Participant: 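Here it is, the structure, as structure tokens.
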Amino acid sequence: MTPLPIVAVVGRPNVGKSTLFNRIVGHRAAIVEDRARTTRDRIYGDADWNGRRFIIVDTGGLEIHPGDPIEEKVQEQARLAIGEADVIVFVVDSIAGVTPADLEASDLLRTARAPVLVAANKADNDKRELEAAEFYSLGWEETYPLSAAHGRGVADLLDAIVWSLPPESAEEIARKRRQAEADEWASDMAAGRLSHVLEGDAEAIELTADGGSDLPLAFEEESQSVSIALVGRPNVGKSSLLNSLLGEDRAIVSEIPGTTRDAIDTHLTWGRTDIVLIDTAGIKRPGKVASGQAAERYSTLRALKAVERADVAVLVVDAFEGLTAQDAHVAGFVAEEGRGLVIALNKWDLVVEKTGRTFDEYVDAMRGEVPFLDFAPFVSISAKTGQRVGHVLELAVDVWGERRKRIPTPELNRIIGAATLRQAPPAGKLGPPKIFYTTQVAVAPPTFVFFARHANQVHFSYRRFLENQLRAEFGFDGTPIRLIFRERASGRAVGSDGRGRGGHGVSRPRTATAGRSGRSGSGTGPVGKQARKGTSTSKRSPSGRRNPQH
């Protein structure tokens, strides 16, 4: 990863550090609540001001003697952020004025090697801006009154941050030069000042000479980072797994459930692959979330959002407790979102009297309880001892590749044609459906369109049969497959639930523990005589519409 300067936002609890962090990164990356000690882990975000990029870090409140085991670890995280920072933003409360906690925090910051900028937050008007002058007594010349909630004065602080950053590295200068060249090239292409022919492409030059001026350009796809979300119930070891993979205490680990609150993104290089690991808060049952604190509701929401923006989700399960209904609920949400899935059985070291068959027996039992997860690979790990934690990333990267697999249309139709000859679809009310043609229309997740007669009569069991044929022939391990059935005559799409629709549906068995119930797929929508007879003629009405004549 290209090294960028780091700016740490620090201060005592409940002064608005997370609000300022969200203001600078441009979106709500950190949970904000009018309650002290909401932020616990270090939260990193990318920022750009006046052409200068940097990484900004939100931290928990600085306290000398917090008197709480979790808060002790919060202080460790904040001190790590101070130690790695190139610039420190010391946030104080202009309404409360200078407090003893501010004095204690300032004594700690005097030992930091990085320059310190004092941000007097909550200065919402001119009077409070004048009152913020008392913070000059802390001893730093750079003090900026601002309101993070309303954006007042934040631009002046950002100017000071950019001015205080160390000189740009050679890597950053090269990146900016490449970006400027790419922008110039795109501008020239949009203005028509560049040829559509790639240099040295003799065949393209010959075709252009024959009049083919609209030839597509063959670009190589830029290497994308693999986004992997660690999800599961509270206290199953997600943060421990993150720390074990990174080899450092990146996230706070405690036996107290609900320790993690924010979704924490961490970049990691795995071989030749750039990976973004997302540690999430434990996803509780809806009833507990609704009756809990606001921070818990926000934590659950951030965890679900993390699944939506991830490529692959690693469902961490407590092997000692086994697969619970809430685990199945989380897995069902991952599958419905079309994300890849790896199931990690954590705390495997606590399982006693293991034999060579113990893991297989565990997996068989879990697949029997939740058959809609039969596509997901399992791995047994111990985040505490580091046992097989590397296999988690190996499987996740493999699943990422399976989600992007493309099947040639001729090969796809050969497999589906052989499958339909071997086992024809069962007849519905309007007769037996017939599949004419199949093509893959998308990846991530793999999506296939089946053009058929009586598409809405294809039974769910036969859809499952076709999915199994695709998996047996082409793999698609760890990723859901979307099957869309489209009526050939009318062009009307039929989702995998058997109902006509314009969107996609996930093909999976119905289960009470999957979070959202599926459908049997035996819908009987109206089909006209034209579909039953297969022939029709039509003529235009005065309004221009076609009126079928049978």
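Keep in mind that what you see is a predicted model, and the values were worked out from it rather than measured.
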Participant: Checking the side chain of Thr447 only, and the main-chain atoms of Pro445 only, is there a donor and an acceptor separated by less than 3.5 Å?
Facilitator: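 At least one qualifying donor-acceptor pair exists.
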
Participant: Looking at Lys238 and Arg233, would you say the former's side chain and the latter's main chain have a donor-acceptor pair under 3.5 Å?
Facilitator: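 Yes; at least one donor-acceptor contact below 3.5 Å.
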
Participant: Asp327 vs Thr324, test: side-chain hydrogen bond (donor to acceptor under 3.5 Å, both in side chains). Steps then yes/no.
Facilitator: CA-CA 5 Å; Asp327 291 325; Thr324 65; 3.1 Å; yes

Participant: Does any part of the side chain of Val10, heavy atoms only, come nearer than 4.5 Å to the side chain of Val89, both counted from C-beta?
Facilitator: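 In short, these two side chains do not touch, never coming nearer than 4.5 Å.
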
Participant: Is any side-chain heavy atom of Ile381 closer than 4.5 Å to one of Val392?
Facilitator: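 Yes - at least one pair of side-chain heavy atoms lies under 4.5 Å apart.
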
Participant: Would you indicate whether the side-chain heavy atoms of Phe448 and Leu412 approach each other to under 4.5 Å?
Facilitator: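 Contact flag for Leu412/Phe448 side chains = yes.
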
Participant: What about the rings of Tyr362 and Phe359, do their centers lie closer together than 6.0 Å?
Facilitator: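 Aromatic pair excluded; centres sit 6.0 Å or further apart.
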
Participant: Nearest 0.5 Å please: distance from the CD atom of Glu337 over to the CG atom of Leu304.
Facilitator: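 One gets 8.5 Å once the value is rounded to the nearest 0.5 Å.
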
Participant: Looking at CD1 of Ile173 and CD of Glu168, how far apart are the two atoms once the value is rounded to the nearest 0.5 Å?
Facilitator: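 Spacing of CD1 (Ile173) from CD (Glu168) equals 5.5 Å.
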
Participant: Any donor and acceptor pair, going by atom type alone, linking the side chain of Ser106 with main-chain N or O of Asp102 inside 3.5 Å?
Facilitator: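 Yes.
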
Participant: Mind checking the CD1-CD spacing from Ile415 to Glu473? Nearest 0.5 Å is all I need.
Facilitator: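 Rounded to the nearest 0.5 Å, the CD1-CD separation comes to 3.5 Å.
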
Participant: Would you compute the distance between atom OG of Ser227 and atom CD1 of Ile278 and round it to the nearest 0.5 angstrom?
Facilitator: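 The CD1 atom of Ile278 is 3.5 Å from OG of Ser227, to the nearest 0.5 Å.
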
Participant: Check the pair Asp349 / Thr385 against side-chain hydrogen bond (donor to acceptor under 3.5 Å, both in side chains), numbers first and verdict last.
Facilitator: CA-CA 8 Å; Asp349 55 313; Thr385 64; 5.3 Å; no

Participant: When rounded to the nearest 0.5 angstrom, what is the spacing between CG in Leu245 and CH2 in Trp270?
Facilitator: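 Between Leu245 CG and Trp270 CH2, I get 7.5 Å after rounding to 0.5 Å.
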
Participant: Side chains of Leu466 and Phe485, heavy atoms from C-beta outward: is any pair under 4.5 Å?
Facilitator: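 Heavy-atom side-chain distance check passes, below 4.5 Å.
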
Participant: Would you say Thr280's side chain and Leu230's backbone share a donor-acceptor pair under 3.5 angstrom?
Facilitator: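 Yes.
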
Participant: Atom NZ of residue position Lys305 - does it have more than 12 heavy atoms of other residues, nucleotides or ligands inside 6.0 Å?
Facilitator: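 Counting neighbours around NZ of Lys305, 12 or fewer heavy atoms of other residues, nucleotides or ligands fall under 6.0 Å, so no.
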
Participant: Any idea how Phe474 and Phe476 line up, ring-wise: parallel (<30°), tilted (30 to 60°), or perpendicular (>60°)?
Facilitator: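 Ring orientation of Phe474 relative to Phe476: perpendicular.
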
Participant: Any side-chain to backbone donor/acceptor pair from Gln440 onto Ala442? Under 3.5 Å, distance only.
Facilitator: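 Yes, the answer is positive, given that a donor and an acceptor are paired below the 3.5 Å cut-off.
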
Participant: I'd like to check Phe378 versus Val342 (side-chain heavy atoms, cut-off strictly below 4.5 Å). Are they in contact?
Facilitator: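 A side-chain contact under 4.5 Å is absent here.
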
Participant: Please check this pair: side chain of Arg339 against backbone of Ala310, looking for a donor-acceptor N/O pair closer than 3.5 Å.
Facilitator: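 It does hold such a pair.
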
Participant: List the steps and the verdict of side-chain hydrogen bond (donor to acceptor under 3.5 Å, both in side chains) for His391 and Glu394.
Facilitator: CA-CA 5 Å; His391 291 331; Glu394 293 176 2; 3.2 Å; yes

Participant: Considering only heavy atoms from C-beta outward, does the side chain of Val314 approach that of Val231 to under 4.5 Å?
Facilitator: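 Counting from C-beta outward, Val314 and Val231 never come under 4.5 Å.
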
Participant: Tell me if a side-chain donor or acceptor on Thr439 pairs with a main-chain N or O of Val449 at a distance below 3.5 Å.
Facilitator: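 No.
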
Participant: Can you tell me if NZ on Lys405 sees more than 12 non-hydrogen neighbours from other groups inside 6.0 Å?
Facilitator: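 Counting neighbours around NZ of Lys405, more than 12 heavy atoms of other residues, nucleotides or ligands fall under 6.0 Å, so yes.
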
Participant: Is a side-chain N or O of Arg23 found less than 3.5 angstrom from the main chain of Ala148, in a donor-acceptor match?
Facilitator: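 Yes; at least one donor-acceptor contact below 3.5 Å.
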
Participant: Checking salt bridge (charged side-chain N to carboxylate O under 4.0 Å, His left out) between Asp374 and each of Arg367, Arg471, Arg464, which is the one that passes?
Facilitator: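 Filter result, single survivor: Arg464.
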
Participant: CD1/Ile484 to CZ/Arg482 distance, rounded to the nearest 0.5 angstrom?
Facilitator: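 These two atoms lie 8.0 Å from each other.
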
Participant: Say whether, by atom type as modelled, one donor and one acceptor occur between the side chain of Asp86 and the main chain of Leu165 under 3.5 angstrom.
Facilitator: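 Not a single qualifying donor-acceptor pair exists.
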
